[in-house]
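Down below is the structure, laid out as structure tokens.
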Amino acid sequence: MFSTRFFLTTLGLGAALVACSPQLAKTTSSTATAYTGPTPNVRQAEVYVTAQNTNDRLARKAPVSFEPSGQPGENVATLFVDYRRTFQTIVGIGGAFTDASAETFYKLSKAKQREILSAYFDKSKGIGYSLGRTHINSCDFSSDMYTYVAPGDTALTSFSLAHDEKFRLPFIREALKTAGGAITMYASPWSPPAWMKTNDNMLQGGKLRPEHRRAWARYYSRFVKEYEKAGVPIWGLTVQNEPLAVQTWESCIYTADEEASFVKNFLGPELRRSGLDRLKLMIWDHNRGPMVQRAAAALNDPETAQYVWGTAFHWYMDDNYENVQQVHDAWPDKHLLFTEGCLYPFDFSRIKEWQWGEKYGESIIQDLNNWSDGWTDWNMILDEKGGPNHVQNYCYAPIIADTRTGDVHYMNSFYYIGHFSKFVRPGAKRIVCSSFSGQLQATAFLNTDGNIAVVAMNKGDKAVDFQLLIDGKAARTTCPAHGIVTMSI
């Protein structure tokens, strides 16, 4: 069981920061750029470790110093970092505010609620989530199926957030308060109301009826304005969650051409008309496999592309990390955002297995290294069944709350995500990070305050002694077997 005292002790006060403010060259966030700011003061690195078969969970270790170093041999495990070349700007790292997470949160004691808020959203005491996703209408991780309007109300005069005000909106507002307002929020629909669809059902796929495309486009803008009235600013939207999947839960199918047409002729113009063209609109919001083909349909058409900020993607099916890079290479003026990943099927007896965290660590490293502007987990909190879920589609979350006992369990995935979310802050630029070792996966970032964060992960059965090489100086440490290390300079 998670111990708040242990968590706060091991996290400490965060990384030591160097006293400089980088001045990054003006450019699009998706092209490599020369760094023109002051030279970071590379003298010492704070070290944080999470590892299997230990008690280390984001545990702060003794700092390591940088010493002059010559040319490393090719067999010397080395991470080479160069802040002189910067890449994309990070929007944030976080998770999803679902009905299930909010309902589970409010089943816990006030003390546990405060613990979870601090653990997720306090950047000093916790892991500092800075990015949040939520859903428009119900999704599978809701206890019931619902919309915000009465059947047949194309004028949306009956639009009401009464359902969300029970649990989800209060939870989001508490999170925003804990984070000092610093959570970038975006929203995704799982399904339009049943009466807007060809199968007259929010579940089992179906498509948006052509005669309701205009009303459905207005639904997005109404949702955003009502959420903002309720105290939750919205930064972005995705067009449709998983538009190629006929699910047993809320779903709606669009071909690539249908999605592009809806954006070009209805959703994009509606956002502009309603004064919401500031929103970051994302297409696809499904797996990496088909993402290049889906991006091509929208981004090769200038009339559609003018409304599209970027391409959203998930991790289910095959990894296909190279497709993230391909979308960037083909359309470098557009953006990428990882918007959902979770592990399943749920089994309470397996929540301590180490593989869960390693899946997160690898995905975050690979997606960010392939130009994703951020990374979003799925449910933040689930109960002892992996729900609630109105279609029994149960899965894991980084925090599992046993509502029978009131106990809260922190899976190792929570700490793996924290190795990034706590140290890679919004506005950070990815920088050159190259591993000499096939056993170490790594990525690195230059934060806006001049701090450099380097994350290295070892999925192997043996520890790896390695050196971090910056500006001809090296600091030496160890990445344990099945461990992850963040070095903050």
Side-chain angles (χ1 to χ4, degrees), residues 98-99 133-165 168 186-227 230 234 236-274 276 279 281-286 294 297-298 304 307-308 312 339-340 389-391 393:
T98 59
D99 285 330
R133 185 190 191 204
T134 198
H135 46 95
I136 301 172
N137 295 329
S138 60
C139 70
D140 45 334
F141 281 89
S142 302
S143 291
D144 56 342
M145 191 166 53
Y146 64 89
T147 71
Y148 304 122
V149 298
D153 179 14
T154 56
L156 311 183
T157 56
S158 60
F159 196 100
S160 170
L161 294 178
H163 186 284
D164 293 10
E165 279 290 1
R168 185 155 42 117
Y186 66 97
S188 308
W190 265 239
S191 175
W195 53 271
M196 287 189 179
K197 296 175 63 183
T198 56
N199 65 343
D200 297 310
N201 190 349
M202 289 183 71
L203 316 182
Q204 302 288 347
K207 293 190 174 187
L208 178 64
R209 293 182 186 274
E211 63 268 28
H212 291 314
R213 289 176 296 187
R214 194 171 305 280
W216 181 230
R218 290 201 309 270
Y219 206 103
Y220 294 73
S221 59
R222 183 65 180 274
F223 172 88
V224 170
K225 290 181 178 181
E226 294 298 326
Y227 253 61
I234 301 295
L237 294 167
T238 73
V239 179
Q240 168 64 44
N241 178 71
E242 300 186 346
L244 272 189
V246 178
Q247 306 283 27
T248 58
W249 53 88
E250 290 86 338
S251 44
C252 186
I253 304 303
Y254 293 81
T255 66
D257 289 340
E258 288 167 344
E259 181 180 38
S261 176
F262 178 60
V263 168
K264 177 169 65 176
N265 297 307
F266 297 95
L267 184 54
E270 164 59 25
L271 295 177
R272 183 170 292 174
R273 181 200 65 77
S274 60
L276 294 174
L279 296 174
L281 184 62
M282 292 168 272
I283 57 167
W284 186 224
D285 205 9
H286 204 164
R294 296 292 295 215
T304 303
Y307 299 114
V308 177
T339 51
E340 185 184 318
N389 185 300
H390 72 99
V391 289
N393 177 39

Handout entry: Electrostatic pair Arg133:Asp285 at N-O distance under 4.0 angstrom
Key = yes
CG (Leu281) and CG (Leu271) are apart, to the nearest 0.5 Å, by 6.0 Å
Between Leu203 and Asn199, the two heavy atoms sitting closest are O-ND2, 3.0 Å
Output for pair (Glu259 CD, His286 NE2), nearest 0.5 Å, gives 11.5 Å
Smallest heavy-atom separation, Ala298 atom then Ala260 atom, equals CA-CB, 4.1 Å
Any heavy-atom pair between the side chains of Asn137 and Trp190 that's under 4.5 Å?
no
When every non-hydrogen atom of Tyr307 is compared with those of Pro269, the smallest separation belongs to OH-CG, 3.6 Å
Here the gap from Ser261 atom OG to Phe266 atom CZ, rounded to the nearest 0.5 Å, amounts to 6.5 Å
Would Gln247 and Glu242 count as having a side-chain donor-acceptor pair, cut-off 3.5 Å?
yes
Counting C-beta onward and ignoring hydrogens, is there a side-chain heavy-atom pair between Thr154 and His212 closer than 4.5 Å?
yes
4.5 Å side-chain heavy-atom contact, Thr134 and Thr98:
no
Verify side-chain contact (heavy atoms from CB on, under 4.5 Å) between Lys225 and Leu276, making sure each step is shown before the conclusion. CA-CA 9 Å; Lys225 290 181 178 181; Leu276 294 174; 4.1 Å; yes
- Any side-chain heavy-atom pair from Leu208 and Met196 closer than 4.5 angstrom? yes
- Query: Between Val149 and Tyr219, does a side-chain contact (heavy atoms from CB on, under 4.5 Å) hold up when you go through it step by step?
  - Reply: CA-CA 9 Å; Val149 298; Tyr219 206 103; 3.8 Å; yes
Closest heavy-atom pair, Gly205 versus Val246, reported as atoms and distance to 0.1 Å, is N-CG1, 3.9 Å
Requested in this report: May I ask you to decide if the ring planes of Tyr148 and Phe159 are parallel, tilted or perpendicular, using 30° and 60° as cut-offs?
Outcome: tilted
Do His135 and Ser142 have side chains that get closer than 4.5 Å, going by heavy atoms? yes
Note to self: One thing to verify: whether Glu258 and Lys207 come together as a salt bridge, which I'm taking to mean a side-chain N less than 4.0 angstrom from a carboxylate O.
What the structure shows: yes
What one should report as the nearest heavy-atom pair of Glu165 and Ala230 is OE2-CB, 4.0 Å
For this session: Using a 4.5 Å cut-off on heavy atoms from C-beta on, say whether the side chain of Pro243 contacts that of Trp284.
Result: yes
Taking the side chain as every heavy atom from C-beta outward, state whether Pro192 and Cys252 have any atom pair closer than 4.5 Å.
-> yes
What is the ring orientation for Phe262 with Tyr254, classed by angle as parallel under 30°, tilted 30 to 60°, or perpendicular over 60°? tilted
- Decide yes or no for Met202 and Ser251: does some side-chain heavy atom of the first lie under 4.5 Å from some side-chain heavy atom of the second? no
Would the Phe223 and Tyr227 ring centres measure less than 6.0 Å apart? yes
Item checked: Centroid-centroid distance, His390 to Trp249, less than 6.0 Å -> no
OG1 (Thr147) and CH2 (Trp195) are apart, to the nearest 0.5 Å, by 8.0 Å
message: Do Ser158 and Asp153 pair up side chain to side chain, a donor and an acceptor below 3.5 Å, judged on atom types alone?
response: yes
Separation between CG (Asp140) and OG1 (Thr248), nearest 0.5 Å, reads 7.5 Å
More than 12 heavy atoms from other groups under 6.0 Å of CZ on Arg209: yes
Closest non-hydrogen contact found for Leu279 with Gly236 is CD2-N, 4.1 Å
CG of Asn241 to CD of Glu250, rounded to nearest 0.5 Å, is 10.0 Å
Review point. Looking only at atom types and distance, does a side-chain atom of Arg222 sit under 3.5 Å from a main-chain N or O of Leu156, one as donor and one as acceptor?
Key: yes
